[in-house]
2 protein chains.
Amino acid sequence: MTKQRVIVFNTVKALGSHPTAFEIFERVRKELPGVSLSTVYRNLSILVDQGDILTVRGIGQEVHYDHNLHDHYHVQCRICGKVSDIHTDFIIPSCINPNNEEGYIIEDMLITLIGVCPECANRMKVEDEDA
Amino acid sequence: MTKQRVIVFNTVKALGSHPTAFEIFERVRKELPGVSLSTVYRNLSILVDQGDILTVRGIGQEVHYDHNLHDHYHVQCRICGKVSDIHTDFIIPSCINPNNEEGYIIEDMLITLIGVCPECANRMKVEDEDA
DNA sequence: CATTATATTCGGAATAGTTCCGATTACGAA
DNA sequence: TTCGTAATCGGAACTATTCCGAATATAATG
């Protein structure tokens with residue numbers, strides 16, 4: 001754990017939301033002005049490999065990072081791209097059946113809900129009324 | 001439906017697998033040598049908007065395209081990136097409960113399993129034996 | 001403490017996937 | 001045929017990420 005790695009890790013935790021690498025970089029920079037983007041990327045990748053943080057993917061090509069290792073799910077706004085945790089009562093299988101005709105060794109399951117966040121929904125409503 | 005759009009659509013169907021935009025471009029090119037990559041991208045995007053094809057996302061940043069509109073799920077090999085349909089008997093909720101504390105309007109659900117395909121699993125086994 | 005080895009950092013260049021844009025071309029309606 | 005709209009081509013631009021070489025920090029050893 002180098003100084004930079006600790007700060008990257010703490011920043012992911014501090015931001016709480018589901019920041020992208022660049023958002024983490026911008027925040028780390030405040031504490032460590034000379035840090036480079038590649039250092040942030042490398043340390044994020046090490047932290048993911050070590051299981052200290054998780055990645056979240058949605059639509060769009062950026063990866064989001066999550067410090068919450070507990071079993072939970074995400075929703076992404078298709079308008080603004082924001083990722084949030086989601087609390088709803090529908091059931092997602094927490095156990096993956098490894099048997100499949102295709103012969104894959106299944107290791108993980110990416111699940112992200114897609115929708116519109118309250119802020120964007122509201123903004124769209126206001127814009128409709130104005131028009 | 002322009003000539004190019006029809007060919008892009010037919011190519012996605014013909015390829016059957018879950019090709020990336022570039023793979024589609026390379027195949028379309030054989031039939032339409034002067035086609036540009038941007039034309040392929042634009043038409044893929046229009047076909048997606050019209051609901052004629054679907055996108056599949058996994059790890060990595062490329063988008064895969066799928067002509068199969070029926071309800072089914074995908075698995076991606078984390079080694080080679082290949083995407084396949086998956087037939088297994090675990091249960092995925094087909095109906096999304098729209099109620100959630102966060103107030104999102106939920107519209108869709110991205111699900112992709114991640115694992116190792118039989119070919120890569122075998123190749124890794126052989127390499128281990130050699131070493 | 002000095003020395004050496006190893007790992008990490010910085011900075012920028014390179015890459016990959018995708019989108020955008022201006023100029024040209026095809027298509028349809030009048 | 002003419003005009004207007006939409007689509008195409010080609011390449012530049014953009015975004016996210018990875019890679020690489022040189023410099024620096026860290027740790028272990030004598």
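Lettering of chains follows the sequences in order, A, B, ..., and the numbering in each one begins at 1.
- Here A:R78 pairs with B:E107 under the salt bridge (Lys or Arg N to Asp or Glu O under 4.0 Å) rule; sequence neighbours left out.
- In terms of the side chain to side chain contact (heavy atoms under 4.5 Å, CB included) criterion, residue partners of A:E119 (sequence neighbours excluded) are, by chain and number, A:K82, A:C117.
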Restricting both atoms to N or O, compile the protein contacts to nucleotides 23-27 of chain D shorter than 3.5 Å, with distance only.
none

Worksheet item: Which is it for B:V116 and A:Y104 under the side chain to side chain contact (heavy atoms under 4.5 Å, CB included) test, yes or no, and what are the steps along the way?
Response: CA-CA 6 Å; B:V116 180; A:Y104 271 74; 5.9 Å; no
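- In this structure, A:Y73 is not a member of the same hydrophobic cluster as A:L54, with clusters built from ILVMFWY side-chain heavy atoms closer than 4.5 Å.
- Side-chain nitrogen and oxygen atoms of B:S36 include at least one within less than 4.0 Å of the OP1 or OP2 phosphate oxygen of D:dC9.
- In this structure, the side chain to side chain contact (heavy atoms under 4.5 Å, CB included) partners of A:K30, at least two apart in sequence or on a different chain, are A:R27.
- Atom CD1 in A:I53 sits 9.0 Å away from atom CG in A:L69 (nearest 0.5 Å).
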Atom pairs under 3.5 Å, N or O on each side, protein against nucleotides 19-22 of chain D: can you list them with distances?
none

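- No donor-acceptor pair closer than 3.5 Å links the side chain of A:Q4 to the backbone N or O of A:V40.
- Rounded to whole Å, atom P of D:dT17 lies 9 Å from atom CG of A:L37.
- For B:D85, the side chain to side chain donor-acceptor pair (under 3.5 Å) criterion is met by B:H18, B:H72, B:H74, not counting sequence neighbours.
- Note: the hydrophobic cluster containing A:V63 does not contain A:V56 (ILVMFWY, side chain heavy atoms under 4.5 Å, direct or indirect links).
- A heavy atom closer than 4.0 Å to some atom of DNA chain C occurs in A:N43, A:Q61, these being the qualifying members of residues 43-63 of chain A.
- A:V48 is listed as a side-chain neighbour of A:Y65, based on a closest heavy-atom distance under 4.5 Å.
- Every side chain to side chain contact (heavy atoms under 4.5 Å, CB included) that A:R123 has, sequence neighbours left out, goes to A:I79, A:C120, A:E127.
- Taking B:S45 as the reference, B:D49 meet the side chain to side chain contact (heavy atoms under 4.5 Å, CB included) condition, with sequence neighbours excluded.
- Every residue was checked against the ring pair (Phe, Tyr, Trp, His ring centres under 6.0 Å) condition with A:Y41, not counting sequence neighbours, and none meets it.
- Taken to the nearest 0.5 Å, the CZ atom of B:R57 stands 6.5 Å off from the CD1 atom of A:I59.
- DNA chain C is contacted by B:A21 of residues 4-34 of chain B, taking any non-hydrogen atom closer than 4.0 Å.
- In this structure a side-chain-to-backbone donor-acceptor pair under 3.5 Å is missing from B:Q76 to B:I114.
- Close approach of DNA chain C to chain A, defined as any atom under 4.0 Å from a non-hydrogen atom of the protein, starts and stops at C:dT8 to C:dT18.
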